Structures are given as C-alpha cells and as structure tokens.
Amino acid sequence: MAMSCNGGLVVTFASPTSKVCMNTSISCSSSHISTPSLNEHSNDSSSNNSTFSYSRASPSERWPHLQLQLAETYPSSQTHFSPTSPQLTHVVKEAELSLESSKSETLEVNDETQEKLGRVSKTRVKKMSKLALKRAKDWRERVKFLTDRILGLEQDQFVADVLDDRKVQMTPTDFCFLVKYVGQENWQRALEVYEWLSLKNWYSPNARMLATILAVLGKANQEILAVEIFTRAEPAVGNTVQIYNAMMGVYARNGRFQKVQELLDLMRKRGCEPDLVSFNTLINARLKAGAMVPDLAIKLLNEVRRSGLRPDIITYNTLISACSRESNLEETMKVFDDMDSHNCQPDLWTYNAMISVYGRCGMAYKAEQLFRDLESKGFFPDAVTYNSLLYAFAREGNVDKVKEICEEMIEMGFGRDEMTYNTIIHMYGKQGQHELGLQLYKDMKLSGRNPDVVTYTVLIDSLGKANKIKEASNLMSEMLDAGVKPTVRTCSALICGYAKAGMAVEAEDTFNCMRKSGIRPDFLAYSVMLDILLRCNEITKAWVMYQEMVRDGFTPDNILYEVMLQALTKENKVEEIKMVVGDMKELCGMNLQTISSFLVKGECYDLAVQMLRLGISNGEALDDENLLSILSSYSSSGRHKEACEVLEFLKEHTEGPSKLITEALVVVLCEACQLDAALKEYSNARESGSFSRSSTMYESLIRCCEENKLLTEASQIFTEMRFCGVEPPECIMKCMIRVYCKMGFPETAHCLINQAEVQGLLLDNSIIYVDVIEAYGKVKLWQKAESVVGNVRQRYMNVDRKIWNALIQAYAASGCYERARAVFNTMMRDGPSPTVDSINGLLEALVVDGRLSEIYVVIEQLQDMGFKISKSSILLMLDIFAEAGNLFEVKKIYSGMKAAGYFPTMHLYRIMIRLFCKGKRVRDVEAMVSEMEEAGFKPDLSIWNSMLKLYSGIEDYKRTAQIYQQIIEARLEPDEDTYNTLIIMYCRDRRPEEGLSLMHEMRKAGLEPKLDTFKSLISAFGKQELLEQAEELFNDLLSKGYKLDRSFFHTMMKIYGNSGNHSKAENLLSMMKKAGVKPTIATMHMLMVSYGSSGQPQQAEKVLANLKETGLNLTTLPYSSLINAYLQNGDYNVGIQKLMEMKMEGLEVDHRIWTCFIRAASLSQYTSEAIVLLNALRNAGFDLPIRLMTEKSELLFSELESCLDKLEPVEDSAAFNFVNSLVDLLWAFEHRATASWVFQLAVKKNIYRHDVFRVADKDWGADFRKLSAGSALVALTLWLDHMQDASLQGYPESPKSVVLITGTSEYNMVSLNSTLKACLWEMGSPFLPCKTRSGLLVAKAHSLRMWLKDSPFCLDLELKNAPSLPELSSMQLIEGCFIRRGLVPAFKDITERLGLVRPKKFARLALLSDEKREKAIEADIEGGKEKLEKLKLKVGSKRTRVVKKLRKRKFIRRPLSNPK
C-alpha cells in the first residue's frame, strides 16, 4: 500500500446528531484523531458553521496526571462543529438535545494514514539525523508560511497572488500538506490551491494529492464537488486504493451506503483489491445509512473476514459506537464478545463506547463498574471517559452521583469542560430546576468556558417549557452578543416557548429573523410556525407560509394537514381547500379515498363525500382502512345519518361490498358508543357469515367491550375471530392481554404474548408485560411472573424499570421478601436504578411476610444506600402500622413525616383519625381534627362516621349527638354507616324508640339498615321490656323476606323467656324451621335457660326429653342448663340426681357442670349446703374445689394451674367462667387470700385482662367489666392497695380524677355496678356515680389519696384466709347486689327509706346500731321536709318582692311623632 513520508492514519470519530455534548479532536504525535462537524443539513452548512475549539485535544490534556511532554509534530488544528437540526415534529421535541448521541463515537476511516488506533505504527517518528531534522524543519516552515498567508487573505483577494509570488520552494509533498492545513480552516481556499496547481500545470495530480482534497471536501460536506474532482482526476491517477478510500469516505459521511458499495464493486472490477480501510469505511457508511437490524454487526464482520482481512480495533470500535448511538446493548455485547473471541484487544475508545452504551441503556451502575475496572485493564480514563460516565448518571437524574463524578474528575486534573457543563445543564433542564441550570451557565462563563450553541439551546428550550419566556429571550440575546450563531433548533425552541406563552407575534418575529439571518427553515421550523399561525387563526399568514413551505420542497405531515383543513373550513376558504387537496394529490401522491379521509378529519364533510364518490366512480378499488376511517370520523362527530348515506352509495356503486359494509356499520356503531346495537349487528352478520378477513371490525368491538368492562364478551369475540382465521394484529393482541389480565387469567395472557412473539409481533410496550406480571402477582403465582421477566431479559437484554417493579410487587403479594430484595439488588447492580415504587414493594413484601419488626432495619439500609424515603413510602408505613393497630409507631412516623417537611394529606388524616377512633384515643382524635381544620381540610363523612363510632363505643352519647349535628350543619348526607351507628347508640343508651324513629328516617332516605342494626333494636326493646315493639320488628323482618340467621331467633327466645312467654319461645322453633334455620342444641339450651330463669325446671326437663327423642348426640350443654335450673331454684338434691343420670348416660362431667355447681355453692346460705354440692362434684371425679375449701391451698396451686391450662383452649369461655365462679366461692366463704391468688393467676394466663387496673401506667383507672362479683371485689381490694402504696410513695403520680368502670350489665343475675357501689359506700369512699355516663364511678384524686391514708377501712387491705370455714356464707345476693351478709339489714333500711345517699353518709348510717340508725333516718327525713318548706317560703317571698317592685314603677306615655 502506498504511503507518504509523514503519513499517518486519520481516524475520525463522527458523532451523529448531538445537541449537548461535542466529541473531541485528539492530535497525538504522528496519529491524528479528529472529530468532524456534526451531520448538518447540506443547505445549512454554509450558514451554521460556528467554530468550537475543544481544549482536551492533546494527550497531555487528556491525561494530566501522566505529565506527558509531547513535541508538536504538525501545526495545531482546530475541530469544526456545525450543530445540526434533526428531523423533529412540528412541536419542538422535548429539546432532548441529545446528550446521548454525543456519547457514541462512530469511527470514520480514510487513507491519509495507515496507523491504526491501538496498534503500534510502522511509520512512527524514529531517531533522525541532523540533516533529516533540518529538512523536516524546513518543510514545516514552508507549509506554515504559505498556510498563514492564504488564510490571512481578504475575501476579495485570491490564492493565486500568494502562490505566484514564489517566495518559497515547494515540493509535491509540501503542496499536499498545504492543501490539508488550509482545508482544515477553509475548504474553499484549499480548493483554490488545488485548482491553481492544476491550471498552472506545475502539478500533475497523484494519488496523495487527490486523496487529500477529497478528504477536505468530504469534511466540509461538499459531496458534489468531491464527485466532480474524483470523476475528472481518477482516470489520470490510475487504480489506487487510497483514492477510492477517500471517495468512499465522502459518501460515508452522509450515510450514502449504496454509493460506497458501488465504489467497492468498481474497485474489484478494475483489479484494485480493497484493504481494511475500505471495509471500515463501508461499515461506517452502512451504520450511518439506517438503523441497525439484529445481527447486522456480526454480518459485517463476517463480510470483512470473507475478503481475507482481519477486522482491527477500528472496525470493532466503529460497530460498538454505532450500537451505542442506538442504545442497542444486545448488539454491543455481541460485537464485544466477537472481539474477545478473535483476540482483538480493546483500547480506551472501546471502553469509552461501552461506558456510553451502558449509560444510554439506563445501566449507570454497570457503566461505573466498567469505569472502575479500567485501571486494572491497563488504561487511564480520559476526559471522554469521565463525561460518558457523567452522562450515564445525568440521564437518570442522579444529582448526587453527578456531583461525585465531577469532584473526582477535578481531583484527577480534568476541569469541567463544555461537554461537562452541557451535560449537567441538560440534566437540570429535564428536572425543571431551571435556576440551577442558569447558575451553572454563569459558572461556566466565569470559569473561562465559552457556552456554545448547544448550551444556549438547552437553556432556551427548558426555560420556554417552564413558561419563563422572558429569560429564554434574554438568553438568545446573550447568545447573539457572544457571537454564537443560533441553529434551526435554537430558533425552534424559542418559537415553541413563545407559542406556549401565547406570544404569537414574538414567535413570528423570531421566525422572520431566522430567515433574514440566512438560516434556511427546514421541515421542523415550517411545521412549528405553521401550527402556531393556524392555532392563532392567522389563516392568511398561514396560507402564505404553507405556499413557501411547498416551494422549498417540504409538505406538512398528516396531523398538520388535518389542522390546516380544519382551520380553512372554519373560515370557509373553499378555494384554498381545493388547492390543498390538489397538493395532497400531486405532491404527496394520495388517492381520492385517502384525501377524503383527511377531509373528514378536517371537518370538510361535503367535499370529503364528493372525493369519495368521485374516487369510487373513477374505478378506484374500495380501500378498507380509508373507508373505515371516514365512517369512524362521521360517527364520532355524531353524523350517523351521513355515514349511513355513504354506506348506501357504496352498496349501489361497488360489486359485492356487503361484507365490508357490514364491518363498516359495526365500526360506526362502536364509534357512536352504541355497543348493544353493534353487538346485535355483529351477531346477525356472524350467523349469515358475511365477514371479510379485516381485523378492524374486531378491533373496534373488542376495544369497546374493554372500555365498557364487558370482558367476557371481548373474550368471546376474540375467540370467534381466531376461529374465522383472522390473524389478530398487535393492537388486538395487546388489548386481549389486558382483558385476560383484568379477568384474572394471566396464564392465557402469557400464552398470547408467546404466540405474538412467534408470529413476529414484537410487543415492545413494557406495560403489556407489567400487566401480566401484576396479574400473576394478584393470584400469587410469582414463579410464573419470574418466567415472564426471564423471557423479557432473554429477548431484549434491557429490562424496563416498570417490569422490575411489577415483579417486586408480585413477590410482595406472596410475602417473598428475600426474592423481592434480590430483584432490588439486581436493579442496583445492573440498572435501571430503583424508584419509590421499588422501595414500597420491598416494604409491602416485608409486611406480608410477617416481619413488621424489621421494617426500620430495611429503611435504615436504604438510607445508607443513598435513598431518600419519599412521602409515599412514609404513608405506606403509616398504613401498615395503622392496619396493625400500633398507635405508638403511627404517631412516631407521623411526627417524623412532619419534621421532614411532608405535609399531611386528607387520606393521611383519615387514616390517623380512624386509627385513633379504634383505639378510643379521644384527645388524640380531637387534636387531629383541630389540626386538620387549621390546615384547611374539612372532615368528610368517613371521618365523622369514625368519630360517631368512637363516642358511641365509649358511651358518650351526648358527644355522639353533637357529631351528628355537625354532619347536618356541614350539609353532608348521612350514609348507611352514619344511621347504623346512631341507631346502635340509641339501643345502647336504652332509647330504642328513638332508634326506631331514626330507622324510619333512614328508610325514607333510600337506605336500608344492616341486619345487626335490626338485631340491636330487637335486643334493646327486650331489655326495656317492650315486648310488643320487639315482636313487631321481628315479624316485620320475617314478612319482608329477610334471611334471618339463628341469632335473631335466639334473641327473641331470650326476650320471650325473660318476659315469661314460654309458649311463644317454643313457637319460635317451628318458625325457625319454616325460615330454613335448623334449631341446634344451643337453641334448646336457650329455651331451657329461659325456663330455668323463670323457676320452671320441670319445663326445662321436658325440653331435654324432647331433645333426646330426636336422636342427636347430646353434649353436656343441655344437661348444664337443666342442672343449673334446679340449682337456682334451690333443688340441690334434684340437681345432684340429674348429674348422676348424665353420668349413667355416658357423658363425662366437664367445665360446664363444674361451673354450675361451684356457682350454686357460692350463692348458698349455709356452708353445709356448699359442701354437699362440692362433694357431688368430687363424686363425679372433680375434687379440686372441695380441696381448695378444706385443705391448704398452697399445695393445690400447681394442680389448679394445670387445670386452667387445659381449659384455656376450650370454647365458650370455659376458663373465664370457671375462674369467676371459683373466686366467688372462695370470697363468699372467706378464703380471700386464695381468691386473690386465683385472680392473679388468671391475669397471668390472660384469662383476665392485664389492664384490669392501671396504677403503674400513671392512669390509676380500673375496668372491672365482665368480672364476677367475687372477682371484682378481689380486684377492688388489690387496686386500692396499689393506689395506697402509690399515694404514700408519691409515684406513680395520679391524674386529676380516677375512674372505675363497672358497666351496666349483669353477670348471672348479679349487677357489678350495684355490688361495687355497696362495698365502696360501706367503706365511705369518695367515689361517686358519673353524671354523664352510667356504669362509671369517679373520684377526685386528692380526696381519694386522703381517704386511702386516713380511712380505718384502708388500714389493712391485705386479703387473708379465715382460720376455719364459717357456718354461713359471708355474702348474700339481694336484688342483684352481692354484698356482705351483715350489711343486708342496714342496706335495705337505708335504700328503702332514703334512696341513694352519698358514700360517707351511707357508711355512717350503716355503722350505727338499729335504734340509733332509726332515729338518724327519722331525723334526716324530718330535716328534708323542713328544708323543702323553707325553700317554698323563700321562693314565695321572692315573687312578692318582684311584684311590689313592678308596681312602684312609673308609667310614662311617650308621644308619637307625627310624620311631616
């Protein structure tokens, strides 16, 4: 291969369209690596050639830490950049001012040198003699002298004047260098030099000179001149490979692959064998000519090998750079693997391109990993490497990582260059952080970097989109003042900004200035301006611009034609519309049917019909898609009549169009949203078989069915479509995949995806895969969701972030946290980086997996990894802990959220208030509502309903009524929850009549109460002994056909039993059978309890006998009812006899029987009676109670604990009832220390609540509800003892008031409220009944502490066992009150004669003897009468004084003023 004396291989890294980053030009010893101007529209080359110098050209600049000192071999040159205008739409595309394309470096090769990048050059400068050095210096000086003179010429001066002067002697090689160096600055002057040499005949063109001038013209995009010179000179120089390579390089720059291929074939035909440079140029041309297809790179490499050549590093770098430009990671990896398998060592440019492609594919962390591995591979990163990595993270918007890379870049000696600034400014622009972008722009100028056209374009575009058009306009002015010439893209960005701000005049002025400055508008500029004028209704100007656009060889796109026709139609511009139609026909080659479809979309309906009819009359074949498009437009505009007329015309003028017309009619009906009519027409046509093979009709039907949620019908239509042999297009496949996912059939959807891929329908839409993965997650088939992701990875290499997030959600639904975390780690490692949805999926997986306690550990790990916990993640955590009922964590998260600056939303307030209401945190609820109102939110109905349930639950009925009043005042319509809560509240407050009235109001509003509400009303009427109302409501439900469950009948049976209507209770059995509800043993048990409570155990025995006759397997439940009935009636011997009969029938004695006998023993008057009952239990095999009464109880504790362990899992609250009865027994017969131990054991085993009293929690309150009388008295004594200790020690401190909750219900005919009041009243305690709520006793803390210290009843609160069993029980049940037997006479005397008195007064009277008590009561009664008389006298005298005072007043008549 011919080589010049100082030749080297020129390796050009040609960048495609770039808007932000510029590639570098590197001059290193004898090897030049330069970057040509970006691909610019040929017509703009002369007007948009703004010069940009990239200072990182030399190796000493690229690797400052190596301290390279390289001698300058050739005169320094600068790289020319001509910013290009890509083919955008008529709306300036996001000004994506493509950072991406600048990161891929496409290698372009010519024959000027032969040194390959990455290979040691055979022509590298060697040690030279003094004479050689002198000669080399001489030719450099000669060339530089002439270059400077030529470039210094004025425009009206000629190169011939310099060359004719002959001041220096030049050799042919010198002239080659002269042409080259002049061409680097001015291609016209270089061409003058070449032509001068040719005209003077001093120079006969050789291969080197021809290759040089062709290279110069190629870089200047002067393809026509290059072709002329090549055609003229090529016969004279012969078949030289360098010339062909140079000409191929010219074609390759513009992506003229076909021309390059023709030259290659011509070379072979003429016997000139192509070399590796030829094939590298061919590859470069092919890659520029169009998008890469699968396996193209490997095919090109194989073609090189078939020619007997071995691809070198330039070949591979060219291919990898092209893959990077298209973000094609799959092809990149194929090329890289091929490179490795053929032992071609990658160089720094290879790794730069790899980092670039990773960044462009959203795999920033992979790019960083490769960057970190460079040094181990023997390479040092240069400025391009850092900028490529910087772009990777800037593309993802990772500001922190971008800052980190910038700092590292500066530490390594690389200052921020123009590419760095442009990349970061573009990142801020995409994020909407315009202030930061502008600040960076100012920093760029202060640091000595000159903003280029890309910088200004990015800033202008982002400011325009942010409606900061004034700042964008100022930037344009700064740009012009700085001497930077704007491109078409810059002007378009400003025009779009003006258009968005509604400044049409300014947009037009900018467009006019662009044209005056010599920037020729392209398709984008015309489209944007034409769109603006049309939308501003500037029809005249728009029409002029349209004509100019057509004259310049551009035609609007389809969308713009539609807008234009609409605007002309509104202004009734008939002639202009006809001219546009003519252009569409002549310039765009559209047929009349296609034009008709555009006219319909442009609302030119009459002309559209004319065109359609003319086309059909002229013999045009009926086009399915155009017809359906026309009819669809008619239908969507409501012109169904015109659509039908068109169909009638088609029937008359076309042969056999019935199938197509039928389809068209279905489509028209679908577009008119008349789905029922469309389905009917489809059904009729299906039966007649009049369908064509078009898929449009099926698409319309399936789409409408999906929109109307008729998923089953859509599936049926799709099945019939496949059955008819119609191949579904991609849009139908996507639609059906969504349908099957919504139907819960992800397997079917997955099968459709596989079929589509086999058919070559590439479903590139990631949402389709996301839908399938989410559907698999919902049905907990995460393994199949995994397989979907695996297929996507195998097919596309790059997995979209949404797909990863969907897989994490699928794992979360099944609680597979470890797998979700593995996917998260994969995203961190390979990209794309995780998002908020990824983090939320991890947290959900953790919760479903039952690992709520680890959630803070995961949050801390994520924060350590640099993730900021978003508001949605905080809300998710709050939801999770609220669902778990963890008030502490919810309040902590809420406080942290507010501290982080996140403002609560309505949803958050709703969650918080609902949780506080469930926890009955009244103060927190009221504080939250106040905070909510201060923030400007008004409580909605769901919040009011939660508060209604709260106050109703704590029995604060007054506040409940106030909340309801607030709902009415807020003009909110009460819903079912509101009414149901209020009705239940009235039932609890023993006001069922008001509840019934509210129920009638609810029904008038069209709402129906819940069955539980009816049940509460019936039960409340029963408790109030309003049998008629309860019965009426129950019968009303039956008559209206309500399906009542067994509990309704049981409630009525209990009401009838309590009222003594046992016959009606028995009749309920037949009513149950009629209603389809089968009576159970529990039903019979309730009937027996009803008889027993009314003192009719014989009737209960009859029920048992009837039950035995049914043949059912009886349990101890009915026997316990019968035995309990006899024991309550005092028939102890009969009860014991029934126990023996039960044993004889083979039933073992269980907890029910134990509880019956122990409870009866606790209520017996004499100890002997209790012993008889307990001995009966001993004889039945259960001796623990009698032993606790007669033996040392300490020895029986382990046995009792074991017994309770067995009873705990048993249903019917077995352990609870057993402990209650046992403690009652022990308390009644003065085994109170044992009773205390049993009570504490029950608390320990969670049989009783742990918070029965809460002195240690600084609450001092107590809640004795559901305890038996004996257990409550034990708890009361222990509670008083704890409070006494706390008051003496001063810790824990007490609240202002101490509350004891007793409740209002009865337990086994014993009222806990009455029992505790009698005990506390006897002791003279300061506890008084609450005035607002029943079932509460309240004491002031100070009075309580003083009483605990001073009262003789509190001197010794220790519970002790009596030395021996007393003859009589110490307790007696009287009127539902379980009180001390010795207190009964005094209790009766005081309550009957004085009613309810204060505790101290009761205690004082109870301690007196009978005679003294009688006198005291009489004195109290007389004193009350005297007090009443005095009060009457006082009121009477006051009235008399008022009357006298009124009489003494003077009456003054005021004269009326006469109106004048």
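Positions are given from 1 along the sequence. As the structure is a computational prediction, the values presented were derived from the model and not from experiment.
With a 4.5 Å cut-off on side-chain heavy atoms, Trp1227 and Met1371 count as touching. When side chains are defined from C-beta on, Leu1200 counts as touching Val1238, because their heavy atoms get closer than 4.5 Å. Within the 4.5 Å cutoff, the side chain of Val1252 has no heavy atoms near those of the Asp1263 side chain. Looking only at side-chain heavy atoms (C-beta outward), Leu1104 and Leu1114 come within less than 4.5 Å of each other. Side-chain contact between Glu1358 and Lys1360 is present, with at least one heavy-atom pair separated by less than 4.5 Å. Between Leu1300 and Val1338 there is no side-chain heavy-atom pair separated by less than 4.5 Å. The closest side-chain heavy-atom distance from Val922 to Tyr951 is below 4.5 Å. By the 4.5 Å heavy-atom criterion applied to side chains, Glu1322 and Arg1380 are counted as neighbours.
Rounded to the nearest 0.5 angstrom, Asp1183 CG and Leu1174 CG are separated by 10.5 Å. With rounding to the nearest 0.5 Å, the separation of CG in Leu1196 from OG in Ser1202 is 12.5 Å. Expressed to the nearest 0.5 Å, how far CZ of Phe1218 lies from CD1 of Ile1247 amounts to 9.5 Å. To the nearest 0.5 Å, atoms CG (Asn1246) and CG (Leu1204) are separated by 12.0 Å. The CG atom of Asp1281 sits 9.5 Å away from atom CG of Leu1348, with the distance rounded to the nearest 0.5 Å. Of the inter-residue distances, the one linking Glu1230 atom CD with Leu1359 atom CG reads 12.0 Å to the nearest 0.5 angstrom.
Listed for the Ser1162 side chain is no donor-acceptor partner under 3.5 Å among the backbone atoms of Leu1225. Put simply, the side chain of Asp1251 never gets that close to the backbone of Phe1253: no donor and acceptor are under 3.5 Å apart. In this structure a side-chain-to-backbone donor-acceptor pair under 3.5 Å is present from Arg1046 to Lys1078. Judged by distance alone, the side chain of Asn1129 and the main-chain N or O of Asp1131 form no donor-acceptor pair under 3.5 Å. At least one donor-acceptor pair closer than 3.5 Å links the side chain of Ser1164 to the backbone N or O of Ala1161. Under a 3.5 Å cut-off, the side chain of Asn1361 and the backbone N or O of Ala1233 do form a donor-acceptor pair. The backbone N or O of Gln1284 lies less than 3.5 Å from a partner atom in the side chain of Ser1287, making a donor-acceptor pair. No donor-acceptor pair under 3.5 Å is formed between the side chain of Ser1221 and the backbone N or O of Arg1159. Between the Asn1124 side chain and the Cys1156 main chain, no donor and acceptor come within less than 3.5 Å of each other. Although no hydrogens or angles enter the test, the distance criterion places no donor-acceptor pair under 3.5 Å between the side chain of Ser1019 and the main chain of Lys1015.
Across Ala1160 and Tyr1132, no two heavy atoms sit closer than the pair O-OH, 4.3 Å. Here the closest heavy-atom approach between residue Ile1136 and residue Val1172 is recorded as CD1-CG1, 3.8 Å. The two residues Leu950 and Lys920 make their nearest non-hydrogen contact at CD1-CA, 3.3 Å. The minimum heavy-atom distance linking Leu1087 with Met1053 is given by the pair N-SD, 3.7 Å. When all heavy atoms of Arg1345 and Ser1294 are compared, the closest pair comes out as NH1-OG, 2.6 Å. Across every non-hydrogen atom of Pro1118 and Met1088, the tightest pair is O-CE, 3.0 Å.
For Phe1327 and Trp1279, the ring centers sit closer than 6.0 Å to each other. Between Phe1216 and Tyr1248, the ring center distance clears the sub-6.0 Å criterion.
Within a 6.0 Å sphere centred on CZ of Arg1178, heavy atoms belonging to other residues, nucleotides or ligands number more than 12. At most 12 heavy atoms of other shown residues, nucleotides or ligands fall within 6.0 angstrom of atom NZ in Lys918.
Checking Ser1047 against Asp1045 by side-chain atom types alone, a donor-acceptor pair falls below 3.5 Å. In the model, Ser1016 has no side-chain atom that pairs as donor or acceptor with a side-chain atom of Thr1013 under 3.5 Å. Between the side chains of Arg1232 and Ser1370, a donor-acceptor pair is found at a separation under 3.5 Å. In summary, the side chains of Thr1302 and Arg1265 do not present any donor paired with an acceptor at a separation below 3.5 Å, with no hydrogens or angles considered. For the residue pair Tyr1091 and Glu1066, a side-chain donor N or O sits within less than 3.5 Å of a side-chain acceptor on the partner.
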- For side chain to side chain contact (heavy atoms under 4.5 Å, CB included), just list the numbers for Leu1122 and Met1142, CA-CA rounded to whole Å, side-chain angles, deciding distance to a tenth of an Å, and then say yes or no. CA-CA 11 Å; Leu1122 180 61; Met1142 185 190 78; over 6 Å; no

- Task: Please lay out, stage by stage, how Met1084 and Leu1069 fare under the test side chain to side chain contact (heavy atoms under 4.5 Å, CB included).
- Result: CA-CA 9 Å; Met1084 299 302 182; Leu1069 296 176; 4.0 Å; yes

- Query: How far apart are the C-alpha atoms of Trp1154 and Thr1116, what are their side-chain angles, what is the distance that settles it, and do they pass the side chain to side chain contact (heavy atoms under 4.5 Å, CB included) test?
  - Reply: CA-CA 11 Å; Trp1154 302 344; Thr1116 58; over 6 Å; no

- Derivation of the salt bridge (charged side-chain N to carboxylate O under 4.0 Å, His left out) call for Lys1138 and Glu1101: CA-CA 10 Å; Lys1138 296 304 174 185; Glu1101 191 167 1; 2.3 Å; yes

- Before giving the answer on side chain to side chain contact (heavy atoms under 4.5 Å, CB included), spell out for Leu1188 and Ile1186 the whole-Å C-alpha distance, their side-chain angles and the decisive distance to 0.1 Å. CA-CA 5 Å; Leu1188 284 171; Ile1186 188 66; over 6 Å; no

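Under the 4.0 Å criterion applied to side-chain N and carboxylate O atoms, Arg1187 and Glu1199 are assigned as salt-bridge partners.
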